[in-house]
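This is a predicted model, so every value here is computed, not measured.
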Amino acid sequence: MNNFLFGLGQIKSTALFTILSVVFSVTLVTFLECFLNSQISKNSILIAGITSATVSSSLSWYVIGLLFKINTLEKKQRALASYDSLTSIMNRRQFFFSAHELFRRSHDFNEPVSISIIDIDNFKLINDEYGHAAGDAVLISLGKLLKETIRSTDIVGRIGGEEFSIVIYGSKSDQAFEVLDEIRSLIEKDCVAFMDYKIHYTVSIGVADGEDGYDVEDILIQADKALYKSKKNGKNRVSKY
């Protein structure tokens, strides 16, 4: 019922309830006069309709408006619980929940899936040289870039301080490697304007296949080992487990 009202909007919902109230009031007055064997009075019907329309429209507007405000607050609360406040992408909790759902779908439909960890190179140096506000600006820029780059079938989340993760649905690590290397290249070209500075940064990425019998946490450990390989081999690169 609530979804129906929210779909109509506050004005149309109020109009609908007002009309229904008027119809009910007029019907009730007509029924009572017939039941009491009285002659149906046009004035009675008119008064019932006007009174009902006046009271119902005001009351409906207030109550429906209150429902809309509650719905908006609930949506904001859900967003706060599910999304990282800085980067506006999934937080760790929501990411793991959604990743488990994708892994389950992958198993049910026998589709490949891979998972990656993306870590900003030398992030501490960015914070030390430009300040933590600059580091936040880099995180925001990276989150926006990842969100705009991934497909609608994939998910991205911030799982740690400067660590992000992408689940790529329908692709094994060989295919995911190419996708992730394109993302890495885009990030390398990204320039974050902060105060009088233009900050360039790179990322290292590790990717692993989501194999049957392994859960999200297991595959993330494998992706983390691949990430370590990228860091060890000079950073700003993608490595497979």
Side-chain angles (χ1 to χ4, degrees), residues 72-73 75-99 102 114-169 171 173 176-208 216 220-221 223-240:
T72 302
L73 288 172
K75 284 182 178 178
K76 287 181 179 179
Q77 195 171 27
R78 284 195 296 270
L80 287 172
S82 302
Y83 290 87
D84 178 56
S85 59
L86 182 65
T87 60
S88 299
I89 60 175
M90 289 182 191
N91 59 24
R92 183 181 179 87
R93 175 180 169 277
Q94 182 61 36
F95 174 79
F96 273 90
F97 176 81
S98 299
L102 273 186
S114 58
I115 192 165
S116 64
I117 295 182
I118 301 168
D119 186 84
I120 300 175
D121 296 324
N122 306 312
F123 186 67
K124 186 178 183 301
L125 291 178
I126 294 174
N127 282 331
D128 291 344
E129 185 171 350
Y130 302 105
H132 288 278
D136 286 347
V138 170
L139 291 170
I140 292 168
S141 183
L142 176 56
K144 183 173 182 291
L145 190 152
L146 293 176
K147 189 176 181 180
E148 292 175 349
T149 305
I150 65 168
R151 304 169 304 174
S152 59
T153 52
D154 305 330
I155 61 170
V156 61
R158 183 183 177 197
I159 59 172
E162 66 269 23
E163 281 192 341
F164 296 75
S165 184
I166 300 176
V167 176
I168 301 176
Y169 184 77
S171 299
S173 59
F177 179 93
E178 297 177 9
V179 173
L180 292 165
D181 197 50
E182 288 180 13
I183 292 174
R184 180 206 59 77
S185 180
L186 288 173
I187 293 168
E188 188 179 17
K189 296 170 186 173
D190 189 25
C191 178
V192 179
F194 178 77
M195 297 176 66
D196 295 331
Y197 305 108
K198 292 188 182 300
I199 304 171
H200 292 272
Y201 64 101
T202 61
V203 297
S204 296
I205 304 174
V207 59
V216 174
L220 264 176
I221 291 172
D224 193 53
K225 290 178 179 177
L227 171 65
Y228 177 77
K229 193 189 303 181
S230 291
K231 294 284 188 182
K232 187 179 179 181
N233 291 333
K235 304 177 181 178
N236 189 25
R237 64 189 65 229
V238 183
S239 298
K240 294 185 293 181

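Scanning for ring pair (Phe, Tyr, Trp, His ring centres under 6.0 Å) contacts around Tyr169 gives an empty result, with sequence neighbours left out. Scored by the side chain to side chain contact (heavy atoms under 4.5 Å, CB included) test, Leu142 finds Ile120, Leu146, Phe164, Ile187, Tyr201, Val203 as partners (sequence neighbours excluded). A search for side-chain hydrogen bond (donor to acceptor under 3.5 Å, both in side chains) contacts involving Lys229 returns nothing, not counting sequence neighbours. With sequence neighbours left out, the side chain to side chain contact (heavy atoms under 4.5 Å, CB included) criterion links Asn122 to Leu125, Lys235. Contacts of Ser173 classified as side-chain hydrogen bond (donor to acceptor under 3.5 Å, both in side chains), with partners at least two apart in sequence or in another chain: Asp209. Contacts of Arg92 classified as side chain to side chain contact (heavy atoms under 4.5 Å, CB included), with partners at least two apart in sequence or in another chain: Phe96, Ile159. A search for ring pair (Phe, Tyr, Trp, His ring centres under 6.0 Å) contacts involving Tyr228 returns nothing, not counting sequence neighbours. Residues meeting the side chain to side chain contact (heavy atoms under 4.5 Å, CB included) test with Glu188, sequence neighbours left out: Arg184, Thr202, Asn236. With sequence neighbours left out, Lys124 forms a side-chain hydrogen bond (donor to acceptor under 3.5 Å, both in side chains) with Asp128.
How far CD1 of Ile168 is from CG of Leu102: 11.0 Å, rounded to the nearest 0.5 Å. Once rounded to the nearest 0.5 Å, the distance linking CD1 of Ile115 with CZ of Phe95 reads 4.5 Å. Going from atom NZ of Lys189 over to atom CG of Leu145 covers 11.0 Å, rounded to the nearest 0.5 Å. In this structure, CZ in Arg158 is found 4.5 Å from CG in Asp84, a value given to the nearest 0.5 Å. In this structure, the separation between CG on Leu227 and OG on Ser239 is 8.0 Å, given to the nearest 0.5 Å. Between atom OG of residue Ser98 and atom CZ of residue Arg93 there is a gap of 10.0 Å, rounded to the nearest 0.5 Å.
Contact between Cys191 and Lys198 at its shortest, heavy atoms only, is SG-CB, 3.5 Å. Residues Ile155 and Ala99 share a closest heavy-atom pair of CD1-N, 3.4 Å. Taking every heavy atom of both residues into account, Asn127 and Gly135 meet most closely at OD1-CA, 3.3 Å. Smallest separation of non-hydrogen atoms from Val238 and Ser230: C-OG, 3.6 Å. The two residues Tyr130 and Phe194 have their closest heavy-atom pair at O-CE2, 4.0 Å. The shortest heavy-atom contact between Ala134 and Ile199 is CB-CD1, 3.8 Å.
A donor-acceptor pair is defined here as one N or O able to donate and one able to accept, closer than 3.5 Å; no such pair exists between the side chain of Ser171 and the backbone of Ala176. Formation of a donor-acceptor pair under 3.5 Å by the Ser165 side chain with backbone atoms of Ser116 is found in this model.
Sorted by first and then second residue, the ring pair (Phe, Tyr, Trp, His ring centres under 6.0 Å) pairs with a member in residues 139-162 form an empty list; sequence neighbours excluded. Counting only residues at least two apart or in different chains, salt bridge (charged side-chain N to carboxylate O under 4.0 Å, His left out) contacts with residues 114-123 comprise Asp119-Lys231, Asp121-Lys231.
Put simply, the side chain of Val156 does not reach to within 4.5 Å of the side chain of Ile118, judged on heavy atoms. Looking at heavy atoms from C-beta onward, Asp224 lies in side-chain contact with Glu163 at the 4.5 angstrom threshold. Contact check for Leu139 versus Phe123: side-chain heavy atoms found under the 4.5 Å cut-off.
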| request: Determine, stepwise, if the pair Ser141 / Asp190 fulfils side-chain hydrogen bond (donor to acceptor under 3.5 Å, both in side chains). | output: CA-CA 8 Å; Ser141 183; Asp190 189 25; 2.6 Å; yes
| field | Pair Val179-Asp154, side chain to side chain contact (heavy atoms under 4.5 Å, CB included): steps then yes or no | value | CA-CA 12 Å; Val179 173; Asp154 305 330; 5.8 Å; no
